Asks: 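To start, I am sharing the structure in question, which I have written as structure tokens.
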Amino acid sequence: MTGTDPEDRGSFFDALRRRTVSSDLSPGVPPALRQATAYSWRLLVIAAAIGVVVWVVIQLKLLVVPLLVAILVTALVWPAFSFLLRHRWPKWLAIVVTVLGTIAIISGLLWLAVWQITRQFGSVRERTIEAVAQFRQYLIDGPLHLSAQQIDDGLRQAGSFLQEQAEVLWTGALAIGTTLGHVATGLLLTLFILLCLLADGAGIWRWTTRLFPRVARPAVDGAGRAGWRTVMTYARTQLLVATIDAVGIGLGAFLLGVPLAIPIGVLVFLGAFIPFVGAVVTGALAVFIALVYNGPLIALFMLIVVLGVQQIESHILQPILMGSAVKVHPLAVVLVVAGGAMIGGIPGALFAVPLSAFVNVVAVYLSTKAWRDDGAAVDSADLIWQTVPRDRGRRS
């Protein structure tokens, strides 16, 4: 073999390579199918990784939910906290004022709601019983012409269904003690995390970035900061939306004589933090209470108030105050919130939108390698989920 000409050896290996390639079955597979297969196994790997992350989060929900709540509350109170720091308040005093102010506002809203419920509960209950009796009579005298026996049979079937679910209901009642313990633990943990984030959020983030390889730290740091700006913008926008909706709908209910106007406003305020879906559900509840207590005409006016407040907030006040904030299509919001609710219940619905916005901004930031340009922002044209408001001085 040592005396063989190099050209002969080259031709031998070329022939062997051609023979090997010719025996491959890939040329017989259509190119479209090969591309689809390549995408499919990569998507399967990504889906498996996401599934593992979701499973871990569900297993650690008692730790993850307080952490996410603390991060969201930090984003909500950060403008006030930064305002105090800019005016040379000591950090410890700014933290105390911010946290105690937040607790006082939440406690005050809940106290007002409970106070009005205790005052008007009796009259609302009596009016509800009267409305049910009127509805029963309407079913008998109206176009359906149902008999009293048919209505009683329907009520009996409903009672049987509730009786069949008695074991589940009783099990849930027995678990109330455990649930209350979890809630109390979660509140304390949320408060502790909030204090830590306000006191040393920058230090915690620097420690987090050091967990990554040195070469990846600029990208991780830039992506995290871009995502945090998006979360703060989302929190500020939702706080504005919640305040406008709560004041408008609560005031409308009060002027129309709908009972429980303050609890309705509080529910609207809390529900607005679940975008679109929360506003629809709480607005429907206000209309339902008006229908039961005040009748169809006042319920119609209440519906007009709910729709009018939401339209004014979306198309007039929010663009003026937020600088023409870019909004996401309601279909995307509904799908994301519904998916979050199916996976994680109420916490999943609450955090679905900010998590989606955060992941979207981080992914675009990393894919465009924006950290290489100092101070470069993520191009809004590349974002699927846009929550960052446009600059007021820049034309779209």
Side-chain angles (χ1 to χ4, degrees), residues 49-50 53-54 56-57 60-99 102 186-239 273 347 350-380 383 385-389:
I50 294 175
V53 172
V54 171
V56 172
V57 169
L60 300 177
K61 59 181 179 295
L62 297 179
L63 178 62
V64 174
V65 171
L67 175 62
L68 294 179
V69 171
I71 293 175
L72 187 58
V73 174
T74 303
L76 284 172
V77 303
W78 192 261
F81 179 68
S82 301
F83 175 82
L84 296 178
L85 293 181
R86 287 196 303 269
H87 286 74
R88 301 183 182 279
W89 284 49
K91 177 176 281 190
W92 67 269
L93 184 58
I95 293 174
V96 170
V97 171
T98 302
V99 174
T102 303
L187 289 176
L188 292 176
L189 186 57
T190 300
L191 180 60
F192 177 74
I193 297 174
L194 174 62
L195 293 174
C196 292
L197 291 177
L198 292 177
D200 193 26
I204 294 173
W205 177 243
R206 286 193 298 268
W207 177 84
T208 303
T209 56
R210 285 197 294 268
L211 297 176
F212 294 86
R214 185 179 299 274
V215 67
R217 290 175 189 174
V220 173
D221 181 67
R225 294 180 185 276
W228 172 245
R229 288 193 295 269
T230 299
V231 172
M232 284 199 300
T233 301
Y234 164 83
R236 184 175 58 179
T237 303
Q238 291 308 120
L239 181 61
F273 286 95
L350 176 63
F351 299 119
V353 174
L355 282 177
S356 299
F358 179 86
V359 171
N360 179 215
V361 170
V362 168
V364 172
Y365 186 94
L366 295 177
S367 63
T368 57
K369 300 181 179 180
W371 70 91
R372 294 183 176 178
D373 298 329
D374 294 336
V378 177
D379 188 2
S380 61
L383 293 176
W385 198 284
Q386 300 177 13
T387 57
V388 180

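Everything numeric in this text was worked out from a predicted model, so none of it was measured.
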Asks: If you look at every heavy atom in Tyr365 and Ala226, which pair is closest and at what distance?
Replies: CD1-CB, 4.0 Å
Asks: Indicate yes or no: at least one non-hydrogen side-chain atom of Trp205 is less than 4.5 angstrom from one of Val220.
Replies: yes
Asks: Among Leu63, Ile71, Val64, which residue meets the side chain to side chain contact (heavy atoms under 4.5 Å, CB included) test with Leu67?
Replies: Ile71
Asks: Rounded to the nearest 0.5 Å, what separates atom OG1 in Thr230 from atom CG in Asn360?
Replies: 8.5 Å
Asks: Sub-3.5 Å donor-acceptor pair from the side chain of Thr98 to the main-chain atoms of Ile95, do we have one?
Replies: no
Asks: Quick one: pull up CG in Leu72 and CE in Met232 and give me the separation to the nearest 0.5 Å.
Replies: 12.5 Å
Asks: About how many Å separate OG1 of Thr190 and CG of Leu195, when rounded to the nearest 0.5 Å?
Replies: 11.0 Å
Asks: Do other residues, nucleotides or ligands put more than 12 heavy atoms under 6.0 Å from the CZ atom of Arg86?
Replies: yes
Asks: Grab the two heavy atoms, one from Leu76 and one from Ala235, that are nearest each other, plus how far apart they are.
Replies: CD2-O, 3.3 Å
Asks: Quick check for you: to the nearest 0.5 Å, what is the distance between Thr233 atom OG1 and Gln238 atom CD?
Replies: 11.5 Å
Asks: Write down the atom of Leu366, the atom of Ala223, and the distance for their closest heavy-atom approach.
Replies: CD2-CB, 3.9 Å
Asks: How far apart are the closest heavy atoms of Val97 and Trp89, and which atoms are they?
Replies: CG2-CZ3, 3.7 Å
Asks: Please lay out, stage by stage, how Leu191 and Val99 fare under the test side chain to side chain contact (heavy atoms under 4.5 Å, CB included).
Replies: CA-CA 9 Å; Leu191 180 60; Val99 174; 3.7 Å; yes
Asks: When you measure from the side chain of Ser82 to the backbone of Pro79, do you find a donor-acceptor pair of N or O atoms at a distance under 3.5 Å?
Replies: no
Asks: Considering non-hydrogen atoms only, spot the tightest contact between Val65 and Pro347 and give its length.
Replies: CG2-CB, 4.2 Å
Asks: Does the side chain of Trp228 reach to within under 4.5 Å of the side chain of Thr74, using non-hydrogen atoms?
Replies: yes
Asks: How long is the straight-line distance from CZ of Phe81 back to OG1 of Thr102, given to the nearest 0.5 Å?
Replies: 11.5 Å
Asks: Taking the side chain from Lys91 and the backbone from Leu85, do they hold a donor-acceptor pair closer than 3.5 Å?
Replies: no
